[in-house]
Protein chains: 2
Amino acid sequence: MFSKTCKYAINAMIYVATLPTEQERVGLKEISKAINSPEAFTGKILQALVRDELLASTKGPNGGFFIAKNPAEIVLSQIVESIDGDTLFTGCALGLEKCSEEHPCPVHHKFKAIRDHLTGMLMTTSLKDVAERVNVGISFLKY
Amino acid sequence: MFSKTCKYAINAMIYVATLPTEQERVGLKEISKAINSPEAFTGKILQALVRDELLASTKGPNGGFFIAKNPAEIVLSQIVESIDGDTLFTGCALGLEKCSEEHPCPVHHKFKAIRDHLTGMLMTTSLKDVAERVNVGISFLKY
DNA sequence: TATAAAAAGGATATATTTGTCCTGTAATAC
DNA sequence: GTATTACAGGACAAATATATCCTTTTTATA
Ligand code: FES
Ligand code: FES
């Protein structure tokens, strides 16, 4: 569904969003420990998120990462699109060059509903929503 | 969503299912041409489907592939599971080792509905259903 | 029986994804 | 301003997915 890279990205964003706003900046080491991901690889992913302005970072002592804007205004679809692109949202389930009503693959009519369901969920679920679930202890970022 | 391998597999199965029952056996070359897939690679995939008894084959002149049982009794989820395994149906969206109600990831509650939607669709859509759409000309296997 | 046709299977090649390592750069603190 | 800290970025490595090639096996048929 999502690439591993994308899963790491979502988990990392959620983790950073769970931290109290006072605590500005959290380090790569802490993030990758919290979400149980390979540190150096996670670093690359965070870089990409910073480039896409979903995350922000500062260097040097007490440096680290923080959410670029209000977590209530970042939705999961933005993270997915930033990392995996839009094939999940617009691509054909069976691999046709282009998904369209005019030249649909044999599952298009059924798949479209599912894709819209998924897309809708990702576009309406904010980082704040999911981070709160972690903060109240009903959801987890690692096993 | 599905691996390329799995997409080829589904398309190939659909193509074979579109052929009239009289026409026993269709060759690899014709299949890969019909679904626009690399021939040798498609051969490997068909082998796997034969091993899993979704397809059947005969060697020699006039040999080729044919659907192992009634296309009305083969559903898409069987093909997906045969090729990609069951991670799509049972795995965690965010990569937790195990998807569960007791230790859910932050999107579990929302993702479950979508996964069930998808699973239900794949389990209730038969090869016959989709092959007929191709045969009446409202769906296509290649661009 | 010899020949040809077609899938099966092994070995190998290529591309992509995932992951590591090391150096560079910016910021802070002393 | 020097040392230290932490992200940025480039080069490289490993793992996996995708794809090709060639030989073997089986079957049909001339
Ligand atoms: S054409 Fe295949 S999903 Fe739309
Ligand atoms: S725990 Fe992540 S989808 Fe169920």
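So that the names make sense, note that chain A is the first sequence line, chain B the second, and so on, each numbered from 1.
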Distance-only donor-acceptor pairs under 3.5 Å for side chains of residues 54-68 of chain A, two or more places apart:
residue : atom : partner : partner atom : Å
A/Thr58 : OG1  : A/Arg25 : NE           : 3.0

query = Does A/Lys142 reach the main-chain N or O of A/Lys33 with its side chain, forming a donor-acceptor pair under 3.5 Å?
reply =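 Checking the backbone N and O of A/Lys33 against the side chain of A/Lys142, a donor-acceptor pair under 3.5 Å is found.
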
Tell me: [atom1] of [X] to [atom2] of [N], nearest whole Å?
X       : N      : atom1 : atom2 : answer
A/Phe65 : D/dT5  : CZ    : P     : 17 Å
A/Ile45 : D/dG9  : CD1   : C1'   : 15 Å
A/Phe41 : D/dA8  : CZ    : C1'   : 16 Å
A/Asp84 : C/dT18 : CG    : C1'   : 13 Å

Non-hydrogen atoms of [X] and [Y] that approach each other most closely:
X        : Y        : value
A/Pro104 : A/Leu96  : C-CD1, 4.1 Å
A/Cys99  : A/Arg115 : SG-NH1, 3.4 Å
A/Asp84  : A/Thr87  : O-OG1, 3.8 Å
B/Ile35  : B/Asn11  : CG2-O, 3.6 Å

query = Aromatic rings B/Phe2 and A/Phe111: how do their planes relate, parallel, tilted or perpendicular, breaks at 30° and 60°?
reply =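 Judged by the thresholds at 30° and 60°, the geometry between B/Phe2 and A/Phe111 is tilted.
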
inquiry  = Taking 4.0 Å as the cut-off, does a side-chain nitrogen or oxygen of A/Tyr8 come that near to OP1 or OP2 on C/dT18?
reply    =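 For C/dT18, neither OP1 nor OP2 has a side-chain N or O of A/Tyr8 closer than 4.0 Å.
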
ask   = Are A/Lys4 and C/dG19 close enough that a side-chain N or O sits under 4.0 Å from OP1 or OP2?
value =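 Yes, within the criterion.
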
query = Considering only heavy atoms, which members of residues 47-59 of chain B lie under 4.0 Å from some atom of DNA chain C?
reply =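 Hits under 4.0 Å, by residue number: B/Gln47, B/Val50, B/Arg51, B/Ser57, B/Thr58, B/Lys59.
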
inquiry  = Students often get this wrong, so: under 4.0 angstrom with heavy atoms, is B/Gly64 touching a base, only sugar-phosphate, or nothing?
reply    =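 Since only primed, P, OP1 and OP2 atoms lie under 4.0 Å of B/Gly64, the category is sugar-phosphate.
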
request  = Tell me what B/Leu28 touches on the nucleic acid: a base, only sugar-phosphate, or nothing, going by heavy atoms under 4.0 Å.
outcome  =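 Here B/Leu28 touches the backbone only, sparing every base.
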
ask   = Which nucleotide in the set C/dA4, C/dT28, C/dT18 lies at the smallest distance from any side-chain heavy atom of B/Pro61?
value =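 So the nucleotide nearest the side chain must be C/dA4.
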
request  = Find which nucleotide of DNA chain C each of A/Cys6 and B/Asn62 is nearest to by heavy atoms, and output the residue with the more 5' nucleotide.
outcome  =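 Taking each residue's closest nucleotide, the earlier one in sequence belongs to B/Asn62.
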
query = Under 4.5 Å between any side-chain heavy atoms of B/Leu94 and A/Ile14, yes or no?
reply =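 The answer is yes; the side chains approach within 4.5 Å.
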
query = Between residues 29-40 of chain B and DNA chain D, which residues have a heavy-atom gap below 4.0 Å?
reply =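 Close to the strand are B/Pro38, B/Ala40.
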
query = Under the criterion side-chain contact (heavy atoms from CB on, under 4.5 Å), which of B/Thr18, B/Ile79, B/Val75 is the partner of B/Leu127?
reply =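 With B/Leu127 as partner, side-chain contact (heavy atoms from CB on, under 4.5 Å) holds for just one option, B/Ile79.
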
C/dG19 base / A/Lys44 side chain donor-acceptor hit below 3.5 Å =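 In this structure, the two groups form no donor-acceptor pair.
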
